[in-house]
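As C-alpha cells, the structure follows; a few thoughts come after it.
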Amino acid sequence: MAKKSYGNESITMLKGPDKVRKRPGVIFGSDGLEGCEHSVFEIISNSIDEAKEGNGSVIEVVRYADNSIEVTDHGRGCPVEWNSKEERYNWELVFCEMYAGGKYDKGEDESYLYSLGLNGLGLCATQFSSEYMDVVIHRDGYEYKLFFQKGENVGGLFKEEKKYRSTGTSIKWKPDLEVFTDIDIPLEFFQDSLKRQAVVNAGITFKLTYHTDDDTKKFEYRYENGIVDYVNELRGEHPLNDTAFYSGERKGSDRADMPEYKVKISFAFAFSNETQRIEYYHNSSFLEHGGAPEKAAKSAFVSAIDAYLKQNGKYNKNESKITWNDVTDSLVLVTNCFSTTVSYENQTKKSITNKFIQEAMTEFIRHSMEVYFIENRPEAERIGAQVLLNKRSRETAEKTRTNMKKKLGATMDVTNRVKKFVDCRSKDVNERELYIVEGDSAKGSVVLGRDAGFQAVMPIRGKILNCYKADYDKIFGSPIITDLIKVLGCGVEVKTKANKEFGDFDLNNLRWNKIIICTDADFDGYHIRTLVITMIYSLIPTLIREGRVYIAESPLFEINYKDKTYFAYNEREKVEILAKLPDKGVDIQRSKGLGENEPEMMSRTTMNPQTRRLIQIMPEEAAATAEMFELLLGDNLSGRKDFIAENGSKYIDLTDVS
C-alpha cells in the first residue's frame, strides 16, 4: 500500500462542532462517562453563577429516562439578541463559538466577579457534543427558543412576546453517543454534584428529578448556612470542639508584574475522634485533587498546632514534630474560596495552581488557628492531645510494621544465605515444591531438569545426623540440619535450650506445598532418605501427619529399543517391559546416580508432575511409626538385633556385600 503523501494540503483544521465532536477529551477530560458528566456540570455551573449573583435561588435539574437532561434556572435569562460590538447575535456567540461569554471582564462592578465559568467553553462545547439541544429563555418580556442538532442550529432564533412568572433559562439536551462512549449518567453523580453545590452556595436550593423506565425519584438540597451546616453534619455526635468558621478577604497577584485580584477565603472545621473528611472548593468547583488550597491547609494547620504543642510543653523530650497525617486523622475541614482570577489545572477544574491563593490561604488559616487556640483553651487542649495521640499511635504502628518487615524479610532472605540452595520463582505456597537431593552432582541434574517456576532444590551434603540418637546440641549445631530447617521456614516442634535460632512451629509459615526427598536408587540413597525422614519426624512431625512429605521414585533400569526408551522402577517392571519387546536389539542399563542422568530424563522420570512417581509419607498410626523409627534407628540395640534376627532373612537378597 502506497504511503500517503505529506504536503502543504495535509494540514487541516477542525471547524465548528468538529472541534469538540472529534476530540471531546480535550475539553471534557474524557470521551467516556466521566467526560459526559463534566459536560452536564458545565450547564449547571452557568445557572449557579447566575444564582450567586442574586438572580434566582432555585435551580432545577431533571434527568429523563432516555438519558436526556434539562437544567432550569430563574436568573436573568441568557442574552441572545444582536451584539453590535461583535456584529453577531449573542446566541451565535454563546452556543456556537468557543471562547465567547460574559465572564472575561473582572472589574469591580462587573457581573460574575466570582464565577465557576471562566473560559466561555462549557455551554458551547456541550451544545456541540449533543445529539440535540432545546433552549427556552425568558427575558425582556419575550420568550426565545433555539434548537440545535448535532452541533448545528436548526431554524434560527424564535422570538415572541410572552408573559411568564420569572426570567430564566431552560436547556434540555441529550449527550450524543457518537461523541461519548457512555451517556447513562447514574443518580449518584447528580446527587453528589448538587449536594456539593448546595454546601458551597448557601441559601440556593437545588431540586433533582431522576426518571428511569420504572421509577421517578425526587431530591432537594439546601444548606442555609453553607459549609458550617455541612461540617456539623459530618463531624459526628461527639466532636472535640464546636464547628469553627472563619472568613476574610485578601488582594494580591501571582507575580509582581501581574495585575492584582481578590480572594475571598472561608473555612469551617471541627476535630473528631470518630470521623475525618477534608474537602476543598473554589468558585463553587469541588477540587478533587486540591492543589493550592490543599498545600495551604497542610502548611497552616501543621504549623499552628505544632506551635501550640511547643509553647505548652506537650511534646516529650526529643520527640519528633507532628505531620499532616496526624492532623487529618481527626480533622473535618471544608474550605470555600472565591477569586476574581483563578488558574485551574485544566478544564475539568479539579485542582488550582495560583501562587497568591496558596500564600493568602496559608497566612489566613494559620492566623485564624492561632487566634482560635488563644480564645478556646479547653478545645485547644483536646485538639492538641488528640493530634499527639494520632502521632504516637502512628509511630507505634510504623515501628511495629518495620519490625515485622525485618522479621519477615529475615525469614524470606534466609534462603539466600543458605549455601547451594536454589529457589524457584513462584511465591504461591500452594504450588511451590522443595526437592531435597543427594549431593551437589544430583543437584546439577535436578536443577536443569526442574520447572524453575515452582520447583526449588536443596542439596544434602553427605549423610545427616541420626536425629533419634543424637542429642539436641548436636542436632542444632549441624549446618546440614539447620540449613534445611531454614529453607522449610516453619520452625520446629521441639522445646530445647539448644534451639537458639528457630521459633515455635507454625504450619502457616511453611514455604512449600510438597517436600520431596529425591535420592539415588541404591543403599546409600535409601540411607540418606531414611535419615531425612527421621529428622523431619523427630523435629517437625506435623509435616508428615499433614501429608506434606514425599519420596520421588527414581528408575532402576533404562531400557532402549530402537528410538524408544522405557523406564523400570523395579525388577518386576523390567520383566514386564522386556516381555513386550523382541529378544534382540534391546539395550538395558542399570540406573546410574542422579548426578549422571540427563536433565531430560530427570524431568520425565522425577520432576514432571504429569509423569513422575511420588510416594506420600502419611503414617496411618503415628505411634506405630514412631516405634519403628525408635527400633531401627534409636538406642534400643538389643531390640534391633532381635528384629534383624527374626526378619533379616526376608531381605538377604538385597544385602550389599560386594
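Residue numbers run from 1 in the order of the sequence given.
The two atoms that bring I475 and A470 nearest to each other are CD1-O, 3.7 Å, heavy atoms only. The minimum heavy-atom distance linking F180 with P175 is given by the pair CD1-CB, 4.1 Å. When all heavy atoms of F502 and G491 are compared, the pair lying nearest together is CB-CA, 4.5 Å. Smallest separation of non-hydrogen atoms from E553 and T606: O-OG1, 4.3 Å. Residue G32 comes nearest to T181 through the heavy atom pair CA-OG1, 3.3 Å, listed as atom of the first residue, atom of the second, then distance. For the pair K420 and K443, the tightest heavy-atom approach, listed with the atom from each and the gap, is O-NZ, 3.1 Å.
A salt bridge links E576 with R572: the closest approach of a Lys/Arg side-chain nitrogen to an acidic carboxylate oxygen falls below 4.0 angstrom. Using a cut-off of 4.0 Å between Lys/Arg side-chain N and Asp/Glu carboxylate O, R511 and D423 are scored as salt-bridged. Residues D428 and R432 are not paired through a salt bridge, judged by the lack of any N-O separation under 4.0 Å between the basic side chain and the carboxylate. Ionic pairing of R613 and E573 is present here: one or more N-O contacts between side-chain nitrogen and carboxylate oxygen are shorter than 4.0 angstrom. Using a 4.0 Å cut-off between charged side-chain N and carboxylate O, K350 and E294 make no salt bridge. The residues K22 and E178 are annotated as not salt-bridged, no charged nitrogen and carboxylate oxygen being separated by less than 4.0 angstrom. Salt bridge K314/E381: present, at least one basic N to carboxylate O contact under 4.0 Å. Salt-bridge annotation for E279 and R277: present, with a side-chain N of the basic residue lying under 4.0 Å from a carboxylate O of the acidic one. Using a cut-off of 4.0 Å between Lys/Arg side-chain N and Asp/Glu carboxylate O, D504 and K495 are scored as salt-bridged.
Ring geometry, F269 versus F271: the interplanar angle exceeds 60°, so the pair is classed perpendicular (tilted spans 30 to 60°).
Side-chain contact of N273 with S330: a donor-acceptor pair under 3.5 Å is absent, judged by distance alone. Using modelled atom types and a 3.5 Å distance limit, the side chains of Y550 and Q616 yield a donor-acceptor pair. In summary, the side chains of S351 and E288 do not present any donor paired with an acceptor at a separation below 3.5 Å, with no hydrogens or angles considered. At a cut-off of 3.5 Å, with distance as the only test, a side-chain donor of Y315 or D306 sits close to an acceptor on the other residue. The closest side-chain donor-acceptor pair between R545 and T542 falls under 3.5 angstrom.
Looking at T605, its side chain does come within 3.5 Å of a backbone N or O of M601 through a donor-acceptor pair. Although no hydrogens or angles enter the test, the distance criterion places a donor-acceptor pair under 3.5 Å between the side chain of T212 and the main chain of D215. A donor-acceptor pair is defined here as one N or O able to donate and one able to accept, closer than 3.5 Å; such a pair exists between the side chain of T482 and the backbone of P479. Side-chain atoms of S603 never come within 3.5 Å of backbone atoms of P599 as a donor-acceptor pair (strictly under, hydrogens ignored). No donor-acceptor pair closer than 3.5 Å links the side chain of Y435 to the backbone N or O of V447. Side chain of W512 to backbone of V487: a donor-acceptor contact under 3.5 angstrom is found. In this structure, the side chain of S478 does not engage the main chain of K474 through any donor-acceptor pair within 3.5 Å. At distances below 3.5 Å, not a single donor-acceptor pair connects side-chain atoms of E433 with backbone N or O atoms of K514. With hydrogens and angles disregarded, a donor-acceptor distance shorter than 3.5 Å links the side chain of T519 to the backbone of G525. The backbone N or O of F557 sits nowhere less than 3.5 Å from a side-chain atom of R590 that would complete a donor-acceptor pair.
In this structure, the side chains of F505 and V494 stay at 4.5 Å or more apart for every pair of heavy atoms. H38 is not listed as a side-chain neighbour of S30, based on a closest heavy-atom distance of 4.5 Å or more. With contacts defined as side-chain heavy-atom distances shorter than 4.5 Å, the pair L333/F301 qualifies. In this structure the side chain of P239 never reaches within 4.5 angstrom of the side chain of V332, judged on heavy atoms. A 4.5 Å side-chain heavy-atom check between S272 and L240 finds every atom pair outside the cut-off. Using a 4.5 Å heavy-atom threshold, the side chains of I516 and R612 count as touching. Taking 4.5 Å as the limit, every side-chain heavy atom of N67 sits out of range of all side-chain heavy atoms of L177. Residues F454 and D451 form a side-chain contact, since some pair of their non-hydrogen atoms from C-beta on lies under 4.5 Å apart.
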Report the C-alpha distance between C467 and I481 in whole Å, list the side-chain angles of each, state the deciding distance to 0.1 Å, and finish with yes or no for side chain to side chain contact (heavy atoms under 4.5 Å, CB included).
CA-CA 10 Å; C467 289; I481 294 175; 3.8 Å; yes
Run the side chain to side chain contact (heavy atoms under 4.5 Å, CB included) test on T565 and I559 for me, step by step, so that the C-alpha distance in whole Å, both residues' side-chain angles and the decisive distance to 0.1 Å come before the verdict.
CA-CA 6 Å; T565 300; I559 304 170; over 6 Å; no
Could you walk me through whether L614 and I551 pass side chain to side chain contact (heavy atoms under 4.5 Å, CB included), step by step?
CA-CA 6 Å; L614 296 182; I551 293 171; over 6 Å; no
Residues L388, L309; criterion side chain to side chain contact (heavy atoms under 4.5 Å, CB included); working and verdict:
CA-CA 9 Å; L388 271 180; L309 295 173; 3.9 Å; yes
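Environment of NZ in K574: crowded, with over 12 heavy atoms of neighbouring residues, nucleotides or ligands closer than 6.0 Å. More than 12 heavy atoms of other shown residues, nucleotides or ligands fall within 6.0 angstrom of atom CD in Q276. For CD of E600, the number of neighbouring non-hydrogen atoms (other residues, nucleotides, ligands) closer than 6.0 Å is 12 at most.
To the nearest 0.5 Å, atom CD1 of residue I383 and atom CG of residue L331 are 9.0 Å apart. Q386 contributes atom CD, which lies 4.5 Å from atom CG of N390 (distance to the nearest 0.5 angstrom). Note: T530 OG1 to H527 NE2 = 7.0 Å, rounded to the nearest 0.5 Å. Interatomic distance, N608 CG to R450 CZ, rounded to the nearest 0.5 Å: 14.5 Å. Here the CD1 atom belonging to I185 is positioned 9.0 Å from the OG atom belonging to S193, to the nearest 0.5 angstrom. With values rounded to the nearest 0.5 angstrom, S538 atom OG is found 11.0 Å from L465 atom CG.
Applying side chain to side chain contact (heavy atoms under 4.5 Å, CB included) to L33 and the options D184, D182, I183 leaves one that passes, D182.
Note on residues 315-333: pairs passing salt bridge (charged side-chain N to carboxylate O under 4.0 Å, His left out), not counting sequence neighbours, are E319-K391, E319-R392, D326-R394.
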